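In this text, all values refer to a predicted model and were calculated from it rather than measured experimentally.
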Amino acid sequence: MEVTGLDHINITAPLALLENVRDFYLHVLALRQGPRPSGFRRQGFWLYAGEAPILHLTVSEAASCDSVATGHLDHVALRCRGLPETLRRLAEHGLSHSVEVVPGLGQTQIFLRDPSGLGVELNFVDEFPQDADRSV
């Protein structure tokens with residue numbers, strides 16, 4: 001799987017939850033952890049797709065915070081390549097997800113949740129599963 005698009009998005013949560021979220025994006029979605037951009041002071045993790053940082057996980061400064069503070073954010077949408085590999089990865093990790101084929105848009109969408117509960121939408125343009133009616 002290869003994520004090919006998104007500027008960046010920030011998720012804020014307690015450190016213990018962020019570590020689980022980071023592991024999800026590293027191991028399931030194949031992002032990589034990279035250096036914190038210069039001038040950025042808050043504690044957290046930067047995850048990269050290629051050379052671009054796309055996901056910033058910020059440690060919550062509120063001790064009572066036990067879930068992700070997302071504001072109006074309800075999901076992350078990523079442009080991706082490698083549908084067969086992605087389906088294999090999701091199965092290997094036992095992750096619940098749904099697959100929707102949208103022929104009019106020329107894409108397949110996979111919907112799942114990260115460990116914080118945030119929705120993740122994976123969009124594969126011009127890639128379709130062999131069984132177009134498949135939902136898991």
Side-chain angles (χ1 to χ4, degrees):
M1 170 182 182
E2 180 183 355
V3 173
T4 62
L6 175 69
D7 180 19
H8 99 270
I9 203 154
N10 184 76
I11 299 174
T12 301
L15 182 59
L17 179 56
L18 277 186
E19 289 172 342
N20 288 336
V21 172
R22 176 193 61 191
D23 290 347
F24 169 84
Y25 286 99
L26 291 176
H27 301 297
V28 176
L29 299 188
L31 298 181
R32 67 175 180 80
Q33 188 169 332
R36 178 178 63 188
S38 62
F40 197 84
R41 294 187 177 100
R42 291 189 69 189
Q43 182 181 0
F45 309 106
W46 279 92
L47 305 182
Y48 287 69
E51 298 301 313
I54 64 164
L55 184 61
H56 179 220
L57 307 176
T58 304
V59 176
S60 172
E61 296 175 0
S64 63
C65 181
D66 62 358
S67 64
V68 172
T70 59
H72 297 292
L73 180 68
D74 68 355
H75 75 281
V76 175
L78 302 169
R79 288 188 305 270
C80 303
R81 285 191 287 236
L83 180 61
E85 179 189 348
T86 301
L87 292 170
R88 181 186 53 75
R89 279 179 180 270
L90 295 176
E92 285 174 359
H93 289 279
L95 292 170
S96 177
H97 63 281
S98 64
V99 177
E100 183 175 335
V101 176
V102 189
L105 295 178
Q107 69 183 17
T108 298
Q109 297 175 311
I110 297 178
F111 301 95
L112 65 152
R113 297 221 172 259
D114 76 13
S116 73
L118 185 66
V120 177
E121 174 184 326
L122 306 176
N123 295 303
F124 297 83
V125 177
D126 297 325
E127 291 189 56
F128 301 97
Q130 290 193 353
D131 177 5
D133 297 324
R134 181 179 176 197
S135 286
V136 178

Distance from [X] atom [atom1] to [Y] atom [atom2], nearest 0.5 Å?
| X | Y | atom1 | atom2 | value |
| --- | --- | --- | --- | --- |
| Thr86 | Leu78 | OG1 | CG | 10.5 Å |
| Leu29 | His93 | CG | NE2 | 9.0 Å |
| Leu57 | Glu19 | CG | CD | 10.5 Å |

Any side-chain heavy-atom pair of [X] and [Y] under 4.5 Å:
| X | Y | answer |
| --- | --- | --- |
| Val28 | Asp114 | no |
| Glu127 | Pro84 | yes |
| Phe24 | Leu112 | yes |

Shortest non-hydrogen contact from [X] to [Y]?
| X | Y | value |
| --- | --- | --- |
| Val21 | Ser116 | CG2-CB, 3.6 Å |
| Cys80 | Phe124 | CB-CE2, 3.4 Å |
| Gln107 | Asn123 | NE2-OD1, 3.6 Å |
| Leu17 | Pro115 | CD1-O, 3.9 Å |
| Ala49 | Leu31 | CB-CD2, 3.9 Å |

Do any N or O atoms from the side chain of [X] and from the backbone of [Y] form a donor-acceptor pair under 3.5 angstrom?
| X | Y | value |
| --- | --- | --- |
| Tyr25 | Gln33 | no |
| Arg113 | Ser96 | no |
| Gln109 | Glu121 | no |

Following the transitive rule for hydrophobic clusters with a side-chain heavy-atom cut-off under 4.5 Å over Ile, Leu, Val, Met, Phe, Trp and Tyr, establish whether Val102 and Phe111 coincide in one cluster. no
Cluster check Leu87, Val125: I/L/V/M/F/W/Y, side chain < 4.5 angstrom: no
